[in-house]
Amino acid sequence: EEYISDLKMREIYSKVSISIGQLGNSERLLRTIPHKFFESFYFGVPYLTPNYPTLVQYMKNGTLPKLLLNSTEPEYIANKINNILKCQHN
């Protein structure tokens with residue numbers, strides 16, 4: 001894997017509107033926190049993720065729960081992304 005510098009990481013995150021977490025059903029996701037979760041919050045990018053218990057404890061401040069997915073069905077995820085992007089552009 002190639003190392004990404006802090007400057008390059010900042011550049012990448014400055015170009016995105018939303019960061020999408022891991023959408024799988026792996027048991028590992030019930031007990032781990034992906035690096036992208038912390039990176040997204042550091043750079044102020046909304047992080048869309050399934051309602052995993054390990055992440056919910058960090059998202060309880062009242063403004064972030066809207067980014068939790070209650071389903072991993074593709075149509076539900078697409079609608080959620082569209083709604084978030086519409087809110088960002090209003």
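When a residue number appears, it is its place in the shown sequence, counting from 1.
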For this session: Please answer: with hydrophobic residues joined when any side-chain heavy atoms are less than 4.5 Å apart, are Tyr47 and Met9 in the same cluster?
Result: no
For this session: Locate the shortest heavy-atom distance separating Leu30 from Tyr52; write the atom from each residue and the value.
Result: CD2-CD2, 3.9 Å
Exercise. With hydrophobic residues grouped by side-chain heavy-atom distances under 4.5 Å, do Ile18 and Phe43 end up in a single group?
Worked result: no
Problem set entry | Connected via hydrophobic side-chain network under 4.5 Å: Val45 and Ile81 | no
For this session: Salt-bridge test for Lys8 and Glu11: reply yes if a basic N is under 4.0 Å from a carboxylate O, no otherwise.
Result: yes
Problem set entry | Asn70: side-chain contact (heavy atoms from CB on, under 4.5 Å) partners, not counting sequence neighbours | Asn51, Tyr76
For this session: Using the test side chain to side chain donor-acceptor pair (under 3.5 Å), find all partners of Gln22 that sit at least two apart in sequence or belong to another chain.
Result: none
For this session: Can you sort out the partners of Ile33 under side-chain contact (heavy atoms from CB on, under 4.5 Å), two or more places apart, ordered by chain and number?
Result: Phe37, Phe38, Thr54, Leu55, Tyr58
Exercise. Got a sec: does the OH of Tyr42 have more than 12 other heavy atoms crowding it under 6.0 Å?
Worked result: no
Seminar exercise, completed: Nearest heavy-atom approach of Ser40 to Ser19 is OG-OG, 2.9 Å
For this session: Apply side chain to side chain contact (heavy atoms under 4.5 Å, CB included) to Thr49 and Leu68, showing your working.
Result: CA-CA 5 Å; Thr49 185; Leu68 294 173; 3.8 Å; yes
Problem set entry | Heavy-atom donor-acceptor pair, Lys36 side chain to Gly21 backbone, under 3.5 Å | no
Exercise. Does one hydrophobic cluster hold both Leu48 and Val16, with members joined at side-chain heavy-atom distances below 4.5 Å?
Worked result: no
For this session: Report the distance from atom CD1 of Ile12 to atom CG of Leu7, rounding to the nearest 0.5 Å.
Result: 10.0 Å
Exercise. Between Ile20 and Ile77, is any pair of side-chain heavy atoms under 4.5 Å apart?
Worked result: no
